[in-house]
2 protein chains.
Amino acid sequence: MFEPSTLKDIAKALGLSTSTVSRALRDTHEISSRTKQLVMDYAKKINYRPNPNALSLKERRSKSIGVLVSEVANHYFSQAINGIESIAYDKGYHVIITQTHESYDREKINTEYLSSRSVDGLLISLSAETDDVAHLKYLHDKGLPMVFFDRVAEEIDTHQIVANNEKGAFEATSHLIETGYRKIAHLTSSAHLSISKERLSGYSRALAQHNIPINEDYIKHCPHGGMFHEEVETAIQELLDMKDKPDAIFVAGDRLSIGCLMVFKKLNIKVPEDMAIAGFSNSDVLDLMSPSLTSIRQPAFEIGQIATEMLINLIESRYPVTEFEKKVLDTSLFIRNT
Amino acid sequence: MFEPSTLKDIAKALGLSTSTVSRALRDTHEISSRTKQLVMDYAKKINYRPNPNALSLKERRSKSIGVLVSEVANHYFSQAINGIESIAYDKGYHVIITQTHESYDREKINTEYLSSRSVDGLLISLSAETDDVAHLKYLHDKGLPMVFFDRVAEEIDTHQIVANNEKGAFEATSHLIETGYRKIAHLTSSAHLSISKERLSGYSRALAQHNIPINEDYIKHCPHGGMFHEEVETAIQELLDMKDKPDAIFVAGDRLSIGCLMVFKKLNIKVPEDMAIAGFSNSDVLDLMSPSLTSIRQPAFEIGQIATEMLINLIESRYPVTEFEKKVLDTSLFIRNT
DNA sequence: TATATTTGTGCAATCGTTCCCGACATACCG
DNA sequence: CGGTATGTCGGGAACGATTGCACAAATATA
């Protein structure tokens, strides 16, 4: 039905050969300016676009990069995606976004998919469930460029770009302590995730610095990153059922903050009177909460931009890159009503 | 660097021709089961994937569909995208998501991009700024299948799938009236958008049914759909500056609701004491607001699913389709704290 | 045994583009 | 006037996969 025009069409119409037309459009020096003009005018007239599939086949690259995130509804990721697109479009790359919904299986399927779509590189933030990165290591070993952001895999030797999770967690926890809370719980994502480890470490350091012993029972992991409402509800319930129950929670992510607030609302627990909250979040909507919760904001847009620049550098590098960089960006703490 | 294996590689390794290998993998009856097994085993071993560019070039289709939405951070759209992907993946199609950020220029650029990427079809929700759909009509006339959802273009004769905006708006406005409000303003997106018209119509009908005269000054349009904070702020300020200022607002969208609440928070206006709000929203986060606002929820996931089914039917139809359908799905009203 | 039929495989064209190579002109120099 | 530059252009192979056609070998039929 929909037949775009080709070089051959132009060549036939103008009585030239396809090679001449191709060269004219690429502005090669060996074509007379008269012919060039002729071809270019006609191409513009019929709105000629080179077939990207033919190009990809010939050039052996697709000028597109694949993105693996947990979900676009998460404001951290939607902002990161905006950063990714801003750079990618500039450099002539297309962006293919896939969502894992924190599922390891989906991550594998999406990885398969993207590599079969012959993307030139991958931007990856691991899913909460992912513990084994063999599927990515395989592709990396075969030479597919990839850059990790946010949730990184240490086993794979490549660029990483993350927020300073340890420091952000430290600041948020310190803030809770300085506001007067002592019994601070920590609700976080699955234990093997890099961000979970780093945030837990910042939380622990803040407690230690104030000589507050760490209560292991105060630390609750959600293996699916809060994608299942029950896991959040169970974790919160367990905290509330403790005889020495916490008076504040440091929450490690957006999805978890929302889940947490939902549970509190359901149980009619008031924030911050009954339970104070501070947490990682890039959602402007959460700021509307009254009283708003103190939040650590990550430079998501910038992280997306830098990751994309690094990836495109890898892709376009003429020789294999062996020196990799780990870039850490500072977070900012927004203190609200606490 | 990254060289995927090809049919030729398999053929060479097994001492066969590429055609035999191709046929063996496609499980044609004219290949001996012994050869088939041999080829399939080896293909699996080296993890062979057919080159999608070569396939697209040959088949003259890419098995991918393009999506045009305003932004993925909007929960309505992220849910719709989940619906789209659920169907598309099932039927072997890939989804390329592009964001317009409510900008007409970006919509044009993205449309260009998608058509040049030779997608097999388009799923479109118009941007707030878009008044002229010539760029889409051009492609539609050339035979590119497209389906509109949410914000539709009446000028283009194809399938449409939308929520019952008129009824939803009627119910929300009626609810405000029945709760006791009489001076109900309406904050909405740009005037030419289909959803704006329909929601305005429902709003008007509710007022008329309760014999409340329509005050044109109560109706505020945001030409950029609330993407610029100032347009929302100005609109709200104008409402507040009126001598007979409204006591309630019916808001036509998610982004606008958020913008609206931000302005109220800044001006220290309490909801619903100083100003009641009811509006279209698919955000679960807004539900956390205390007191929550009454919201009209659209079946976004389902809308995405149906739109995708319709599009794939168009794409795979053997003969040109001339009969088009307009599907209207009911919204649901969530009454909260008012 | 000779011919017809089935079965298994290879050749080559095709999709749209780029690019190496060679074919012409025209121009210039000795 | 013969030979070398130079400037323009066309022919054809290649990228990876599919597929109609041809053709060989194996089997069935007369």
Exercise for the section: For A/Y93, enumerate each residue passing the ring-ring contact (aromatic ring centres under 6.0 Å, His included) test, keeping only those at least two apart in sequence or located in another chain. Expected result: none
Exercise for the section: Using heavy atoms and a sub-4.0 Å distance, could you list which residues of residues 15-24 of chain B are near DNA chain D? By number, please. Expected result: B/S19, B/S22, B/R23
Handout entry: Set of salt bridge (charged side-chain N to carboxylate O under 4.0 Å, His left out) partners for A/E112, sequence neighbours left out
Key = B/R49
Handout entry: Distance in angstrom units between A/R26 CZ and D/dC9 P, rounded
Key = 18 Å
Handout entry: ring-ring contact (aromatic ring centres under 6.0 Å, His included): pairs with one or both residues in residues 16-73 of chain B, sequence neighbours excluded
Key = none
Exercise for the section: Could you tell me which residues satisfy side chain to side chain contact (heavy atoms under 4.5 Å, CB included) with A/E30, sequence neighbours excluded, listed by chain and number? Expected result: A/R23, A/T28
Practice task
Would you please name every residue forming a salt bridge (charged side-chain N to carboxylate O under 4.0 Å, His left out) with A/K327, sequence neighbours left out?
Solution key: A/E325
Practice task
Can you sort out the partners of A/K137 under salt bridge (charged side-chain N to carboxylate O under 4.0 Å, His left out), two or more places apart, ordered by chain and number?
Solution key: A/D141
Handout entry: Modelled atom types, side-chain donor and acceptor of B/S127 and B/E102, under 3.5 Å
Key = no
Practice task
Give the minimum heavy-atom separation between A/I96 and A/V119, together with the two atoms involved.
Solution key: CD1-CG1, 4.3 Å
Fill in the blank from the handout: Residue set satisfying side chain to side chain contact (heavy atoms under 4.5 Å, CB included) with B/A73, at least two apart, ordered chain then number -> A/H75, A/S78, B/E71
Practice task
Give the rounded distance in Å between these two atoms: CD1 of A/I31 and C1' of D/dG7.
Solution key: 10 Å
Problem - Residues within residues 35-60 of chain B bordering DNA chain C, heavy-atom distance below 4.0 Å - result: B/T35, B/L57, B/K58, B/R60
Problem - Test ring-ring contact (aromatic ring centres under 6.0 Å, His included) applied to A/H94 - qualifying residues, sequence neighbours left out - result: B/Y113
Exercise for the section: Using only side-chain N and O atoms of A/K8, determine if any of them is under 4.0 Å from OP1 or OP2 of C/dC15. Expected result: yes
Fill in the blank from the handout: A/H29 NE2 to C/dC19 C1', in whole Å, measures 13 Å
Problem - Inter-axis angle, terminal five-pair segments of the helix from C/dT1-D/dA30 to C/dG30-D/dC1 [nearest 10°] - result: 70°
Problem - Those residues that, when tested against A/K36, pass salt bridge (charged side-chain N to carboxylate O under 4.0 Å, His left out) (two or more places apart) - result: A/D27
Handout entry: Atom-pair distance (CG on B/L7; P on C/dT14), nearest Å
Key = 20 Å
Handout entry: Rounded distance (Å) that lies between atom P of C/dT18 and atom CD of A/E30
Key = 14 Å
Practice task
Specify the separation, in whole Å, of atom CG of A/L14 and atom C1' of D/dG10.
Solution key: 15 Å
Fill in the blank from the handout: A/I10 CD1 to D/dG10 C1', in whole Å, measures 17 Å
